[in-house]
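Following: one structure in structure tokens, then a few remarks.
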Amino acid sequence: MFLLVVRRGEFEEWTMRIVNEKLRLIAALAAAISAGGASAADLPSTKAAPAPPPAPVFSWQGAYIGAYAGALLGEGTFTYFRETPLRGAGFVGGGTLGYNWQWTPTIVLGLEADFGYRGAINAETGGFNTPSPTDTGVFGTFRGRAGYAFTPKWIVYGTAGFAYGTDFAPTGFTSSLPVTFGQLSTGTTVRAGWTAGAGFEYAWSDKISVKGEYLYTQLADSGVSYSTNFGAVPLNVKSAGHIVRGGLNYHFTTPAAPTVAPIVTK
């Protein structure tokens, strides 16, 4: 039997040495873990770059100005004992001012005003009467428009509203029965009336559009006077006609910004 005697001071020293070794081991492990995390943080991210934003959405919303040109086919009448059709063609052209509201992606509402020049209208011989061509004059409208966008840049629309213009009074006439020679003595007047029609419009770009349009227009009847070989003769003129025209518009619009969902990160 052996008897092991350990002094108290030696035991405490041995215990402290073991504890210190354990602490150094723990500190070394913590340093290694920290260095590994820092190295991983320095590596480049593999997260995909965000997708580019979608292109701005085209919108018809806003004001515009433009110009138009076309032809007016008369459908009026000149009455001297009997009605004589005024069915000749004349040039029309002028300027346009309007505003569109993009009510929905497919519904476009608007207001449009135009003012322009109307050329002389030749009349056809009817029965015994042969009217002379009319004077030149003015023509304009103020209308509402309701359109349907069957693609973002194509719309078809209906339109109707107020019209005004120089009446279709011939500058003179002759009649074979009775034999009469007449010259307009009261001059032409501007008459109010109405107009209605339809058209289409295509947005060539965000700023430029082209259109084609048909309008039927009727002005209030005119009482005019002619100096004839029988003296002053009061007559009635009906001013109406079909207008076919094309136009070019410049739009003061800014494309609507697309709606982009927010990116949520964790």
- Message: Before you tell me yes or no, could you show the steps for D167 and T189 under side chain to side chain donor-acceptor pair (under 3.5 Å), namely the whole-Å CA-CA distance, both residues' side-chain angles and the distance that decides it to 0.1 Å?
- Response: CA-CA 6 Å; D167 58 14; T189 58; 3.1 Å; yes

- Would you mind reporting whether F115 and V138 have side-chain heavy atoms less than 4.5 Å apart? yes

- Is any side-chain heavy atom of V237 less than 4.5 Å from a side-chain heavy atom of P170? yes

- Answer yes or no: is there an ion pair linking R245 with D114, defined by an N-O contact shorter than 4.0 Å? yes

- Message: Is it the case that the ring center of Y64 lies less than 6.0 angstrom away from the ring center of F252?
- Response: no

- Does T166 reach the main-chain N or O of G137 with its side chain, forming a donor-acceptor pair under 3.5 Å? no

- CG (L109) and CG (N100) are apart, to the nearest 0.5 Å, by 8.5 Å

- Are any non-hydrogen side-chain atoms of W103 and V108 less than 4.5 angstrom apart? no

- Query: Got R145 and I155 here, is their nearest side-chain heavy-atom distance under 4.5 Å?
  - Reply: yes

- Item | Min side-chain heavy-atom separation F78-N236 under 4.5 Å | no

- Task: Flag the pair V92 / I243 as yes when at least one side-chain heavy-atom distance between them is below 4.5 Å, and no otherwise.
- Result: yes

- Any side-chain heavy atom of E112 within less than 4.5 Å of one from Y99? no

- Measure the spacing between CH2 of W60 and CG of D206 and express it to the nearest 0.5 Å. 10.5 Å

- Task: Without swapping roles, check the side chain of S222 against the backbone of V224 for a donor-acceptor pair under 3.5 Å.
- Result: no

- Query: Is it true that a side-chain atom of E75 and a backbone atom of A240 form a donor plus acceptor pair closer than 3.5 Å?
  - Reply: no

- All heavy atoms of Y226 vs all of L184, minimum pair found to be CD2-N, 3.2 Å

- Query: Going by atom types alone, do S225 and T186 pair a side-chain donor with an acceptor below 3.5 Å?
  - Reply: no

- Query: Would a 4.5 Å heavy-atom cut-off, applied to side chains only, mark T228 and F181 as touching?
  - Reply: no

- Reported CG-to-OG distance for the pair N129 and S176, which is rounded to 0.5 angstrom: 7.5 Å

- Message: Centroid separation under 6.0 Å, is that true for the rings of F200 and Y157?
- Response: no

- Query: With ring centroids as reference points, do Y214 and Y216 lie under 6.0 angstrom apart?
  - Reply: no

- Message: Taking D221 first and then R191, would you say they form a salt bridge - that is, a charged N and a carboxylate O separated by under 4.0 Å?
- Response: no

